[in-house]
Amino acid sequence: MKEKELRRSLAVLPIGTVMKLTNLTARQIRYYEEQKLVKPERNEGNRRMYSLNDIDRLLEIRDYLDEGINMAGIKHIYIEKERKRAAKKAQLDKPLTDSDVRRILRDEFISVSGLGKKEEFPFKHNKNL
DNA sequence: TTTCTGACA
DNA sequence: TGTCAGGA
């Protein structure tokens, strides 16, 4: 199960292939890199090389875009994902207290339900939301 | 030919 | 986000 993840992380696809696989323009793909949503490797000639994991992430980003979520919202999603990953790692050393659990569940509920202040929920208001 | 960075009638 | 320039 480790060999598989290794292959999916191998950056072997040039941007032209990624364009066809994701239906995104080179402009968009490079822009998402600037926004730190993907981190392609660079080959000897400074060409961006993407891995299958990058493809998945770009497809995910494209789906969010189709759902009407803006860049700020998408960045928010990944930033939170990272924060929670780090938080989870911390949990391994120090078990959560009951109050921690309640706080996390509350934040989770507010985020998913969209009941939080709109300043903290930068998603675009459209028919899908 | 393909991709890169920077820039904007 | 599209698109053009100018170089690799």
Side-chain angles (χ1 to χ4, degrees):
Chain A
M1 175 61 115
K2 199 175 305 177
E3 185 65 31
K4 188 178 179 182
E5 294 178 19
L6 184 66
R7 295 180 196 285
R8 292 188 64 73
S9 294
L10 283 181
V12 294
L13 312 172
I15 199 168
T17 301
V18 179
M19 288 174 69
K20 295 176 181 176
L21 259 34
T22 64
N23 275 316
L24 290 171
T25 65
R27 179 76 168 78
Q28 289 176 296
I29 297 170
R30 295 182 188 120
Y31 177 66
Y32 302 152
E33 178 185 1
E34 288 183 51
Q35 303 308 301
K36 308 178 74 69
L37 266 37
V38 289
K39 22 58 180 172
E41 310 275 318
R42 292 292 183 129
N43 63 14
E44 321 71 51
N46 192 42
R47 266 70 212 285
R48 270 167 273 247
M49 297 303 275
Y50 299 81
S51 68
L52 293 180
N53 284 325
D54 292 327
I55 300 298
D56 285 339
R57 169 157 299 202
L58 288 169
L59 288 172
E60 208 175 307
I61 292 171
R62 195 199 57 184
D63 287 340
Y64 285 137
L65 253 30
D66 289 339
E67 290 174 36
I69 299 176
N70 58 37
M71 273 305 112
I74 294 176
K75 289 173 66 176
H76 180 268
I77 291 173
Y78 287 108
I79 288 175
E80 280 302 285
K81 192 166 296 181
E82 292 180 39
R83 188 183 66 64
K84 290 180 179 178
R85 184 184 61 64
K88 188 170 186 177
K89 185 179 186 303
Q91 294 177 197
L92 267 48
D93 307 311
K94 183 177 181 302
L96 296 177
T97 63
D98 287 344
S99 65
D100 286 332
V101 175
R102 282 196 290 280
R103 174 175 50 65
I104 290 176
L105 290 176
R106 174 177 57 69
D107 293 345
E108 201 78 345
F109 175 73
I110 292 175
S111 177
V112 173
S113 66
L115 294 176
K117 301 174 185 177
K118 54 186 175 183
E119 287 70 39
E120 302 177 74
F121 199 70
F123 298 134
K124 183 178 181 180
H125 306 305
N126 70 8
K127 82 288 185 179
N128 293 313
L129 295 176

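Chain naming here is simple, since letters A, B, ... match the order of the sequence lines and numbering starts at 1 in each.
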Output a table of donor-acceptor pairs, distance under 3.5 Å, between side-chain atoms of residues 31-38 of chain A and any protein atom two or more places apart or on a different chain; print 'none' if there are none.
from    : atom 1 : to      : atom 2 : distance (Å)
A/Tyr32 : OH     : A/Gln28 : NE2    : 3.4
A/Glu33 : OE1    : A/Arg48 : NH1    : 2.6
A/Gln35 : OE1    : A/Lys75 : NZ     : 3.1

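In this structure, NZ of A/Lys20 is placed 14 Å from C1' of B/dT3, rounded to the nearest angstrom. Atom CE in A/Met19 sits about 16 Å away from atom P in B/dT1, given to the nearest Å. Atom CG in A/Leu13 sits roughly 11 Å away from atom P in B/dT3 (whole-Å rounding). Between the CD atom of A/Gln28 and the P atom of C/dT1 there is a distance of 4 Å, given to the nearest Å. A/Asn23 has its CG atom 13 Å from the P atom of C/dT1, to the nearest Å. Between A/Arg42 atom CZ and B/dT5 atom C1' there is a gap of 9 Å when expressed in whole angstrom units.
You won't find any donor-acceptor pair under 3.5 Å spanning the side chain of A/Arg30 and the base of B/dT5, going by distance alone.
For the pair A/Tyr32 and C/dT1, the criterion of a side-chain N or O lying under 4.0 Å from OP1 or OP2 is met.
The shortest distance between side-chain heavy atoms of A/Met19 and A/Ile29 falls below 4.5 Å. Within the 4.5 Å cutoff, no side-chain heavy atoms of A/Thr17 are placed close to those of A/Tyr50.
Within residues 45-63 of chain A, the residues approaching DNA chain C are A/Arg47, by heavy-atom distance under 4.0 Å.
For A/Asp54 (side chain) and A/Ser51 (main-chain N/O), a donor-acceptor pair under 3.5 Å exists by modelled atom type.
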Secondary structure string for DNA chain C (Watson-Crick or G-U under 3.5 angstrom, | for other-strand pairs): .|||||.|
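Sparse packing is recorded around NZ of A/Lys20, with 12 or fewer heavy atoms of other residues, nucleotides or ligands lying under 6.0 Å away.
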